[in-house]
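Presented below is the structure to which this report refers.
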Amino acid sequence: MQLPPGQKVYFLSDFHLGSPTYEISREREDRLVTFFNKVKLDAHTIFIVGDMFDFWFEYKHVVPKGYVRILGKLAELTDAGIQIHFFVGNHDMWMKDYFQTELGIPVYFDAKTFEFNNKSFFIAHGDGLGPGDNGYKFLKKIFRNPVCQFLFGILPPAIGIGLANYSSKKSRQKGDKDFQFLGEDKEWLIVYSKELLQNRHYDFFIYGHRHVPVVVSIEGKSQYINLGDWMRSFTYAVFEGSHITLEKYVS
């Protein structure tokens, strides 16, 4: 796909709306709405690369309460012709068809490749990729299992969402080490990206999940970009047709 002159592609991830409190989450949601108001002037495509919510589960007739401002803004953007793509993260992997039918936003459960201006992009949230973390990879298979999702879905929403919110908050109590760059040889998503390059060239690898805003040149021909988050860093990436930059949003 060739970008029209003056239009850009935006990437951002890890909003974790709903955490840690309603008041703090609401401030973050308002900031995101302001950001989207700004970029809609030149955005051709927007990628939300996972963990938009701290928890999301779509029952047959129920979705989690709240988030009307961000959802309404996304609907406004798609109605205006801006393409939005959503990658599920480890906190909002229980998506079904709500985004597709109500917002016109395709939802991806696995990594996907895109091409803009003859530049190739490998995009994924990043959870469960690369070496190690076998315990989480096992849990992810359980969480993604249709039978397990059905069993969770028959719980009354007040119970199911309550349990899930408690679990999400507990998983967040890990400490600052999870927000530090570990070095090129220890960052498993960089290791994973290098393995992919052995079979195919990608110009850019775009990930969320790590909450660390960083750009690393790998193998001298590709760039690894972790988008950071909208809890601490308020960072995003923008592709302007030939190169990509990681920027911090200051409202």
Side-chain angles (χ1 to χ4, degrees), residues 9-16 47-52 54 85-93 95 107-116 118-145 168 171-239 242-248:
V9 181
Y10 290 90
F11 309 83
L12 60 168
S13 73
D14 292 274
F15 310 163
H16 289 274
F47 288 91
I48 300 174
V49 192
D51 283 354
M52 176 171 170
D54 205 53
H85 301 271
F86 185 91
F87 286 76
V88 302
N90 51 306
H91 281 258
D92 48 22
M93 67 174 68
M95 289 275 179
V107 174
Y108 308 108
F109 291 84
D110 297 294
K112 189 173 176 63
T113 60
F114 291 83
E115 186 171 296
F116 295 97
N118 300 317
K119 300 289 186 180
S120 54
F121 294 77
F122 181 91
I123 305 173
H125 180 63
D127 61 308
L129 299 180
D133 207 6
N134 294 321
Y136 169 72
K137 291 176 182 178
F138 176 74
L139 286 176
K140 184 176 181 180
K141 291 181 180 179
I142 296 176
F143 293 154
R144 294 277 293 270
N145 184 281
S168 290
S171 70
R172 187 151 317 289
Q173 298 171 359
K174 294 180 178 180
D176 290 340
K177 65 180 180 181
D178 292 319
F179 301 95
Q180 298 175 359
F181 183 65
L182 303 177
E184 186 173 338
D185 294 335
K186 294 182 179 179
E187 287 286 345
W188 64 89
L189 288 175
I190 295 181
V191 174
Y192 177 72
S193 300
K194 289 181 177 180
E195 292 174 351
L196 292 178
L197 285 174
Q198 295 178 9
N199 298 311
R200 175 181 170 180
H201 173 71
Y202 295 97
D203 293 289
F204 304 106
F205 293 91
I206 311 289
Y207 300 103
H209 188 53
R210 283 286 287 114
H211 291 237
V212 181
V214 65
V215 178
V216 177
S217 178
I218 55 176
E219 305 297 339
K221 53 187 177 181
S222 304
Q223 282 188 305
Y224 163 92
I225 298 99
N226 195 283
L227 297 169
D229 63 23
W230 281 69
M231 301 183 75
R232 298 186 179 198
S233 59
F234 301 98
T235 46
Y236 63 96
V238 55
F239 176 70
S242 60
H243 64 281
I244 194 167
T245 56
L246 189 61
E247 303 182 9
K248 181 179 180 67

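Taking NE2 from His125 and CD1 from Ile48, the interatomic distance works out to 13.0 Å, rounded to the nearest 0.5 Å. With values rounded to the nearest 0.5 angstrom, Tyr192 atom OH is found 8.5 Å from Glu195 atom CD. The CE atom of Met231 lies 6.5 Å from the CG atom of Asp54; values are rounded to the nearest 0.5 Å. Separating the OH atom in Tyr224 from the CG atom in Leu189 is a distance of 4.5 Å, to the nearest 0.5 Å. With rounding to the nearest 0.5 angstrom, the CG atom of Asp185 is 8.5 Å from the CD1 atom of Ile190.
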Donor-acceptor pairs are to be reported for all side-chain atoms of residues 197-208 against protein atoms at under 3.5 Å, with residues two or more places apart or in another chain.
from, atom 1, to, atom 2, distance (Å)
His201, NE2, Asp203, OD1, 3.0
Asp203, OD2, Ser120, N, 2.9
Asp203, OD2, Ser120, OG, 3.3
Tyr207, OH, Ser193, OG, 2.8

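No hydrogens or angles considered: a donor-acceptor pair under 3.5 Å links the side chains of Asp14 and His211.
At distances below 3.5 Å, not a single donor-acceptor pair connects side-chain atoms of Arg210 with backbone N or O atoms of Asp127.
Within a 6.0 Å radius of NZ in Lys186, no more than 12 heavy atoms belonging to other residues, nucleotides or ligands are found.
Nearest approach of Ser13 to Gly228, heavy atoms of both residues: OG-O, 3.7 Å. Taking every heavy atom of both residues into account, Ile225 and Ala237 meet most closely at CG2-CB, 4.3 Å. Scanning all heavy atoms of the two residues, the minimum distance from Met52 to Phe15 falls at O-CB, 3.4 Å.
Residues meeting the side chain to side chain donor-acceptor pair (under 3.5 Å) test with Thr113, sequence neighbours left out: none. Residues satisfying the side chain to side chain donor-acceptor pair (under 3.5 Å) criterion with Ser233, sequence neighbours excluded, are Asp229, Thr235. Residues satisfying the side chain to side chain donor-acceptor pair (under 3.5 Å) test with Lys194, not counting sequence neighbours, are Glu184. Applying the ring-ring contact (aromatic ring centres under 6.0 Å, His included) criterion to Phe87, with sequence neighbours excluded, gives Tyr108. Residues meeting the side chain to side chain donor-acceptor pair (under 3.5 Å) test with Gln223, sequence neighbours left out: none.
For the ring-ring contact (aromatic ring centres under 6.0 Å, His included) with His85, the lone residue among Tyr10, Phe121, Phe114, Phe11 that qualifies is Phe114.
Phe116 and Phe47 have perpendicular rings, their planes meeting at more than 60° on a 0 to 90° scale where under 30° would count as parallel.
Between Ile123 and Lys112 the shortest side-chain heavy-atom distance does not fall below 4.5 Å.
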